[in-house]
Number of protein chains: 2
Amino acid sequence: MKPTIYDIARLAGVSTATVSKVFNNRGSISDKTKKKIFEISEELNYQPSVVASALAGKKTYTIGLLIPDVVNPFFAEMTRNIEDRAHELGFNLVICNTDNDVNKEFNYIQLLRQKRVDGIILATGVRNDKLLKELINEQLPIALIAREMSILSASTVLVDDFAGGYSAASYLTGLGHKRIAIIAENLKLASSRERIRGYRYALEEAGIGYDERYVKESDFSLAGGGKTTNELLDEPEPPTAIFACNDLLAIGAMQAAKQRGVSIPEELSVVGFDNTVLAAITDPPLTTIAQPIQAMGQQVVDLITQEINNPKSIKQRIVLLPELIVRGSAREPAE
Amino acid sequence: MKPTIYDIARLAGVSTATVSKVFNNRGSISDKTKKKIFEISEELNYQPSVVASALAGKKTYTIGLLIPDVVNPFFAEMTRNIEDRAHELGFNLVICNTDNDVNKEFNYIQLLRQKRVDGIILATGVRNDKLLKELINEQLPIALIAREMSILSASTVLVDDFAGGYSAASYLTGLGHKRIAIIAENLKLASSRERIRGYRYALEEAGIGYDERYVKESDFSLAGGGKTTNELLDEPEPPTAIFACNDLLAIGAMQAAKQRGVSIPEELSVVGFDNTVLAAITDPPLTTIAQPIQAMGQQVVDLITQEINNPKSIKQRIVLLPELIVRGSAREPAE
DNA sequence: TTGAAAGCGCTAACAA
DNA sequence: TTGTTAGCGCTTTCAA
């Protein structure tokens, strides 16, 4: 059998309380007993049970992470950065792929509650307001990353989507483009709407009218980006530049354009969003807006652990600035 | 406070034993009490504590997953498939990014033990034999995916690397290539050696001598693939085809070749391995060897849960066949 | 069909 | 500086 605190106590000739104190670094224990306890623990390869410890009122030291899909490079990077920071602070991460499916989200959240995770990080759009309010009432620390949730008073880390949309579009107007299209992922998302607002602001600033024909919604996939691009290029006055609201859409756009013989960036400029690993791999490499994903990951973890350690700590909303990464997929328009 | 089994029992006018039985579907309880218990649980939103349940001798229903890095698309897909299957079977996944670092591996494994996970899936090359033996002795179910570990008697799921190497190389010989190079990730890995062996076998079968100058080791990165490719192309008799042992290396190879004006596939054919999402994104799209990653993920989870549910179940070693996916990065040699 | 009670491994008063 | 002891929330055996 696995050794328990009792075994250690017995062999060291002390009480379990003493052993517990040694491992938790509380109370004052003589160096001599400490040493003895460590020696014996070492020898038996004692692994204190966080299950028992959690039941006795301490934390489980695990955090749940709900994301749509780790295969999506943006979320993979998010997961990595969150996990890194969590690990630094002594927490493990339980990963949950929801595919943005309401039922899965609900199911995972229930499971995480039963596991008594110390907190939940949401990168997925949980639309079940009732559930969420329950969680908050239950005092289960919740933090949001790259997601808005107005009804919810929860700590949040986001990127300034307006600024992102603005810098993408103004980069394109700066290059001299007049017909600039935007492909957004899901117009219901606050982030999409903000990016569009930034785009619009940039166009107006450049004295270019906002033209609804150039604003498209697409499902979140390569194929979706391609399809929408074809629609755009079929217009009588096709755009000379496309700003896609994420890298995958941008790549779909590039592929579709190439397929019909439209060369990039010569005949069509493309700008993406997210700066995932994919952006460095395409040909030409993708000019895109980088989300400071590492900082974001670190921040959510810091916010949520703060709340875990002090339930009445103030909830914060942190907005980080995105950054334009110029690579090769955009340049001045042809004529 | 969160409702406990006592609250439910009291309100339902029964004992905690009865409530426990109802939730675990054991013993025989009258429909009437069952109904009552469910109603009350519903009302209080009772979430049975798996922490307490685990302490009382049941499972934690969580599995640890050690991978080098989720950002690597191959491991992201692996993680996704494993998580999906685990979730289907009622298990959660704790994700651990080790960067193939021995210390991190050790550290994570200790943490997972303390958390009393029901099992650990290893996709990373834990080189600490002593640790591993301890785990086995401790009866902690371990399963390996895409990794060999001869000393270890643990359930294993792998792809037939020899067959993979063979089919990549024989595809290239079939196209008429005579000077075919191979870039492997880490010659210490059994998988690399097997792929090389398959490659060699195909060459010999085609009557082409095995030439050591064409066998290169590279670190696992885009840059590594690029650097190695440059070395290869600098040879007096440069290869007309490169088989890279993973997609990332293959893409690095393509990028390096393009950069020096060598066009793909006209002047240089490239074949990858893994068939990650990246393969569909490059230009030209990458011809590569697909690992049946979904089946592999499912199988490891099935193997490990089998062992979790029945500690003396027989350990298995499952070998799946890879498949050549022809896209656009390889064709007949020029002259 | 139901319940009493011991125990899982640990923590935290409180006492000594 | 160390120990006693009562839980934490659940499961399970045995009895009723």
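A, B, ... follow the sequence lines: proteins, then strands. Residue 1 opens every chain.
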Trainee: Once you round it to whole Å, what is the distance between P of C:dC10 and NZ of B:K115?
Mentor: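 Roughly 15 Å, once rounded to whole Å.
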Trainee: Is atom NZ of A:K36 surrounded by more than 12 heavy atoms (other residues, nucleotides or ligands) closer than 6.0 Å?
Mentor: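 Atom NZ in A:K36 is not crowded, with 12 or fewer foreign heavy atoms closer than 6.0 Å.
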Trainee: Any idea which of D:dC8, D:dG9, D:dT2 is nearest the A:S30 side chain?
Mentor: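 The answer is D:dT2.
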Trainee: Can you find a side chain N or O atom of A:T33 that sits less than 4.0 Å from OP1 or OP2 on D:dT2?
Mentor: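 Indeed, a polar side-chain atom of A:T33 lies that close.
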Trainee: Just N and O in the side chain of B:S53: are any of them under 4.0 Å from OP1 or OP2 of D:dC10?
Mentor: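 Answer no for this pair, as no side-chain N or O of B:S53 is under 4.0 Å from OP1 or OP2.
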Trainee: Think B:S49 has a side-chain N or O under 4.0 angstrom from the OP1 or OP2 of D:dG9?
Mentor: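 For D:dG9, neither OP1 nor OP2 has a side-chain N or O of B:S49 closer than 4.0 Å.
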Trainee: Rounded off to whole Å, could you give me the CZ-to-P distance for the A:R10 and C:dC10 pair?
Mentor: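 In whole Å, C:dC10 P lies 13 Å from A:R10 CZ.
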Trainee: In whole angstroms, how far is the C1' atom of C:dA13 from the CG atom of A:N24?
Mentor: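 Result: 15 Å.
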Trainee: On the nucleotide C:dG3, are OP1 or OP2 found under 4.0 Å from the side-chain N or O atoms that B:Y6 carries?
Mentor: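 It does not, given that no N or O in the side chain of B:Y6 lies less than 4.0 Å from OP1 or OP2 of C:dG3.
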Trainee: Tell me the interatomic distance from A:D7, atom CG, to C:dC8, atom C1', rounded to whole angstroms.
Mentor: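 Between C1' of C:dC8 and CG of A:D7: 13 Å.
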Trainee: Are B:E88 and B:R85 ion-paired here, with the side-chain N under 4.0 Å from a carboxylate O?
Mentor: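 So B:E88 pairs with B:R85 through a salt bridge.
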Trainee: Between C1' on D:dT4 and CD1 on A:I5, what's the gap in Å once rounded to a whole number?
Mentor: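 Result: 14 Å.
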Trainee: Base, sugar-phosphate, or nothing for A:V51, non-hydrogen atoms under 4.0 angstrom?
Mentor: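 No contact at all - A:V51 keeps every heavy atom at 4.0 Å or more from the nucleic acid.
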Trainee: Can you measure A:N25 atom CG to C:dT11 atom P for me and round it to whole angstrom units?
Mentor: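 Rounded to the whole Å, the gap is 12 Å.
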Trainee: Would you please name every residue forming a side chain to side chain contact (heavy atoms under 4.5 Å, CB included) with A:L111, sequence neighbours left out?
Mentor: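 A:L111 satisfies side chain to side chain contact (heavy atoms under 4.5 Å, CB included) with A:N107, A:Q114, B:H87, B:N92 once adjacent residues are dropped.
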Trainee: Take B:T18 and B:R116, find for each the nucleotide of DNA chain C with the closest heavy atom, and name the residue whose nucleotide sits nearer the 5' end.
Mentor: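 Nearest nucleotide further toward 5': that of B:T18.
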Trainee: Check the distance between C:dA13's P and A:K21's NZ and give it to me in whole angstrom.
Mentor: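 After rounding, the gap between these two atoms is 11 Å.
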Trainee: Could you check how far CD1 of B:I37 sits from P of D:dC10, rounded to whole Å?
Mentor: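 Result: 13 Å.
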Trainee: Quick check: on DNA chain C, is the nucleotide nearest A:P3 upstream (toward 5') of the one nearest B:A17, or the reverse? Name the residue that is more 5'.
Mentor: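 Result: B:A17.
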Trainee: For atom NZ of A:K59, is the number of surrounding heavy atoms from other residues, nucleotides or ligands below 6.0 Å larger than 12?
Mentor: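 Counting neighbours around NZ of A:K59, more than 12 heavy atoms of other residues, nucleotides or ligands fall under 6.0 Å, so yes.
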Trainee: May I ask you to say whether B:K35 pairs ionically with B:D31, meaning some side-chain N is under 4.0 Å from a carboxylate O?
Mentor: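 Answer for the salt bridge query: no.
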Trainee: Consider the side chain of B:A56, meaning its heavy atoms from C-beta on, and name the nucleotide among C:dT11, C:dG9, D:dC10 that approaches it most closely.
Mentor: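 Within the option list, the nearest is D:dC10.
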Trainee: Counting only side-chain nitrogens and oxygens, does A:S20 get under 4.0 Å of the OP1 or OP2 atom of C:dT11?
Mentor: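 Affirmative; the distance criterion is met.
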Trainee: Which listed nucleotide (D:dC10, C:dG9, C:dT11) is nearest to the side chain of B:L55?
Mentor: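 It is C:dG9.
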Trainee: Return yes if the base of D:dG9 and the side-chain atoms of B:K2 contain a donor-acceptor N/O pair under 3.5 Å, otherwise no.
Mentor: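 Answer is no: no donor-acceptor pair is held.
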